[in-house]
Amino acid sequence: EKISVAVAANFISAFKEIAADFETKTGVKVEATFSSTGNLYNQIKNGAPYDMFLSADEQRPDRLQKEAWTEGTFIYARGQAILWSANKDFCKAATWQDALKSNQIKKIAIANPVTAPYGAAAKAALQKAGLWDALQSKVVNAQDIAQSFQYATTSAVDAGFCARSATVSPQAASGCFYNVPEAPDIVQAACIAKNAKNKKGAELFAAFLSSEHAVQIKAKYGYR
Amino acid sequence: MTISASIKRRLKYYDLDLSFTCATNKMMVMIGPSGGGKTTIIRMLAGLEKPDEGQVIFGDEVWFDSERRINITPQKRRLGYVFQDYNLFPHLNLLDNAAFAAVEKKEVDDLFELLKISHLKKRRPHMVSGGERQRCAICQALARHPRLLLLDEPFSALDVVTRRGLREELKSLKGRLSCPIIYVTHDIHEALFLADEILPVVDGKIDRGWMQRTITREPGEAVQAKGAREPRLSLVY
Amino acid sequence: MTISASIKRRLKYYDLDLSFTCATNKMMVMIGPSGGGKTTIIRMLAGLEKPDEGQVIFGDEVWFDSERRINITPQKRRLGYVFQDYNLFPHLNLLDNAAFAAVEKKEVDDLFELLKISHLKKRRPHMVSGGERQRCAICQALARHPRLLLLDEPFSALDVVTRRGLREELKSLKGRLSCPIIYVTHDIHEALFLADEILPVVDGKIDRGWMQRTITREPGEAVQAKGAREPRLSLVY
Amino acid sequence: MDYLALYVTLKLAFVTTVFLMVIAAPIAYLLAYYHFPGKSLLEALVYLPMALPPTVIGFYLIIVMSPKGFVGQVWGSLTGGSLLFTFLGITIASIIYSIPFAVQPMKAAFSKIDRRLLENAYILGLSKRAAFLRVIIPNSVAGIAAAAVLVFLHSIGAFGVLLMVGGSIPGETKVASIAIYEAVETMNYSAAGMLALSFIPISYAFLLLINKLNRDSLS
Amino acid sequence: MDYLALYVTLKLAFVTTVFLMVIAAPIAYLLAYYHFPGKSLLEALVYLPMALPPTVIGFYLIIVMSPKGFVGQVWGSLTGGSLLFTFLGITIASIIYSIPFAVQPMKAAFSKIDRRLLENAYILGLSKRAAFLRVIIPNSVAGIAAAAVLVFLHSIGAFGVLLMVGGSIPGETKVASIAIYEAVETMNYSAAGMLALSFIPISYAFLLLINKLNRDSLS
Ligand SMILES: Nc1ncnc2c1ncn2[C@@H]1O[C@H](COP(=O)(O)OP(=O)(O)OP(=O)(O)O)[C@@H](O)[C@H]1O
Ligand SMILES: Nc1ncnc2c1ncn2[C@@H]1O[C@H](COP(=O)(O)OP(=O)(O)OP(=O)(O)O)[C@@H](O)[C@H]1O
Ligand SMILES: [Mg+2]
Ligand SMILES: [Mg+2]
């Protein structure tokens, strides 16, 4: 018995751990496809045989509901944006806003706000802080949130808006970060296909996602 | 079968304009100054180039007729053509080259024997001498059992002895091949020895006086005046 | 300057092994059966191939010495070489081909005049006849002011008249060029007319009797026996 | 290391190369030897997959290959199955993705064939088709080898397109480059590096093979 | 439509093509004419950028080009500027990304040159270098054209690498393929289609140009 799940790329690490746990507990194999949310959505619209879809936003599961691919959506994780730098001096300022105002900062990475929910959240935070226009010339767009972190860890940029989940990785230890409470939570919704091959298995997994065990794993990777 | 052609073609410095006929078992030798149009005529007979006007008729087949807009492809003409610059296929050895379109593969061995290149069968064209390549090209053309044989200076890279031998072979082959043969050469002895008819082509036209002017001392123009100073040939049969 | 060579080279069916010398203003004519090794010798003089053993010495320069492991590149030998299969550059027209390595571009026009291909200057090699290509290759070699001239059947695609004319020109050029000339031909008249020395090469060795056997009726072997049946040449000066 | 993904990658690259050689040769021949109205336009179309970002090609392929799309419908009515998310599906995608790399070097090689060789072939009675097979192809080995190298390696690296059309099903459509993508996304850079490095011996072995075939055919 | 992105794309493709023709020619020559130990390994290395997924190439490029990376440091100490996120940076990335497409067809063309032409060139006193420039190059026009077409179109389609190294800065490093990607991701399919279609006339015009150059050099 197995289920096939389409998973937004930012959730890979947490998902792999949860799925492994789920497999040992239930014996149901989990086959995952990781890609960008937009890509997965396109596949599903064109008949991809996924039982379940873990999106990086709310918008696409909602659409799928409207398009009658699924009967209902649910939220499985809330991500948070943080501001990470490879340079530990960066975090000596009182707030992330002050840190960004420094002349030392030449380039700041954010995920593409047009395509990535984390990018949109970072942009919202910068706007709220009144820094968006001032920092325009320093902003570098990454394809997704993982790439934004790559820029930051390789010192390609002086600081980057990343996912909280990134702070768990070994690379993160060499740098420092600010929380960015001004950035809205990234609400990640999921849904199960109406015509799933293994609907039971998928429902079982959906339930498992909010089990205590899974919540712990999610917390470890910075999701709430 | 008889090949008869009557062709016109505008070239840059003169116009080709001539007619001729050659019957089965006959050999017509084309001779004349370099650049006179011999290769071009041969190519038109082969169907590789189109005359501007005229006909090429082989037996009862019309190969080319400018008025009736007939132009048979080279493939359908089924002829043998030894190119002036022996176009062997570089990716094949001499044997495979000769057997490329052979009617009977066994014959190729005999032809190699006849042309004295049996020992070179496995070599690629770039690994043999100019004269050896030329002899292979002749095998290739003959092995096809052509209905018309076109030979454009086929022996030009051969020494006198080999050449004489092959010339003899060709003459005796003429009867067996039972097809018309058109032969281009610059060697007057060869022409006299082989030809049933000699066709001197000068600037695209037939010029019956050319041979005479060339062999004898008659000083036509500067070049010949010079040529006359060299030892003269006299033909002793 | 004098070129002197003494070379050995193992080939598949025989071994090349000969020595010769040719002085400035002298012309040495190589003649002999097809596949006998003439082109290979020329290529070794040009530095395109390496003898297994021996020396090639030009004046006081050592071009090749197997013992001292000397082998000067073709570039440094500064010679003119007309290849048997006229290697003109297909991307250039005849004029540009001839001027490719010319010492003085102006001279090229005169050479074209001399060889009677002035009207073809702007044509690419594939647009002219075989004999015309050959004459362009001669211009190319001469325009370089070579220190040694190697001509591998340079007139093989030319008609008798043009050939006689050019032969004359070459003979008179010999004095002006002031370099040794080595000339390969299959034409015995040409050899006799041009040569200061004749070098008959048979199966890689010098065979002084070859000319005699070929010209006279003396029936040496089958080929010649056949050859003897054709009109004999007698030389009348 | 993900050996299954590596296996799928090699299988895909191999199948793509073989099929593409057969498909591209006639197209290259057409482009090299014939003149017809709209030829340049056809050529531009053939090369288009190269100019488009892989995700875009993938996007359009999904649309035509989905059960509702034109190709998907035809395929479905013939076999009852689906093309998307199968090995066959990614093979087709990979072929389309790599077509330009096969056609262009072959065209260059074909157009360099000495015209006189073709003339001799026609004289010897070969039809255009036979001349193509017996003269043009064997004398274009270097160009065909170039095409094979480009296609093979390009299929190994193909990723954007395959991820979209294939959906990363282990053993079926999950290729090594997708595994690398996942490793990079999870910031597991050392695993990504390992997998990437494993491409060197593969490319190397393939190049050795092609070079050897190329040399054999020449000597 | 995003004209600025289209402009950057064309500029990039053009600059990449010009530079790569100059860089790839000697490499192709080396591979076609010389034998030396490790040659196949060098060849495999040259072709590696093709076999690697763009994101991986991009990743390694970031590492070497970042201010702390080797190349980035040298560049920084020379000019005081940064390579990443500049037009120069994506040009370098694009050149590395497309090297195999330039080298392979050129190598095939060079190795098909009739040896006798080279021999004649040497006899006429040309050094190997001069023979390369005056004989090999002009007789390889078809192969060079093939290389130019491949490189140009491939640079237009390059996207994964450029996105990483360039950071999608409008007017500087945001190329059209990134705009298409954004449009597809945001489900703005008509805009994506429009941009993708705009590549057809561009590729078409470029092909016409190359074909014309190719023909002129032959006639
Ligand atoms: N492909 C071509 N296009 C245009 N003109 C050509 C072409 N080939 C040859 N010519 C020209 O046509 C004329 C006849 O050439 P052709 O090759 O028929 O002469 P030929 O009699 O065979 O000479 P040769 O004895 O030197 O081989 C020459 O003036 C030549 O320059
Ligand atoms: N590249 C090569 N590799 C090996 N053997 C060769 C090569 N070229 C020629 N040969 C062989 O070497 C011998 C001498 O050839 P060469 O070309 O020197 O003869 P040649 O005297 O010039 O003949 P021809 O008068 O026919 O031009 C022949 O047996 C030939 O088959
Ligand atoms: Mg001719
Ligand atoms: Mg020879």
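Chain letters run A, B, ... following the sequence lines, proteins first, then strands; residues in each count from 1. The figures here come from the full heavy-atom set of this structure, side chains too, leaving out hydrogens, waters and symmetry mates.
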So does Lys205(C) have more than 12 non-hydrogen atoms from other groups sitting under 6.0 Å from NZ?
-> yes

May I ask you to check whether over 12 heavy atoms, not counting those of Lys171(C), lie within 6.0 Å of atom NZ?
-> yes

Honestly, the part of Ser156(C) sitting under 4.5 Å from a heavy atom of chain B is both

Could you label the plane-to-plane angle of the His119(C) and Tyr13(B) rings as parallel, tilted or perpendicular, counting under 30° as parallel and over 60° as perpendicular?
-> perpendicular

If you round to the nearest 0.5 Å, how far is OG1 of Thr162(B) from NE2 of His186(C)?
-> 7.5 Å

Largest heavy-atom contact set with chain B, pairs under 4.5 Å, which of Gly131(C), Gly37(C), Ala157(C), Ser34(C) = Ser34(C)

Lys121(B), NZ atom: more than 12 neighbouring heavy atoms under 6.0 Å = yes

Looking at NZ of Lys12(B) and NZ of Lys122(C), how far apart are the two atoms once the value is rounded to the nearest 0.5 Å?
-> 11.0 Å

Among Ser129(B), Gly36(B), Gly32(B), Pro33(B), which residue forms the greatest number of heavy-atom pairs with chain C at distances under 4.5 Å?
-> Pro33(B)

If you round to the nearest 0.5 Å, how far is CG of Asp159(B) from CG of Asp187(C)?
-> 12.0 Å

Under a 4.5 Å heavy-atom cutoff, which of Gln134(B), Arg135(B), Arg163(B) has the most pairs with chain C?
-> Arg135(B)

Nearest-0.5 Å distance that lies between atom CZ in Arg133(C) and atom CD in Gln84(B) | 7.0 Å

Got a sec: does the NZ of Lys26(C) have more than 12 other heavy atoms crowding it under 6.0 Å?
-> no

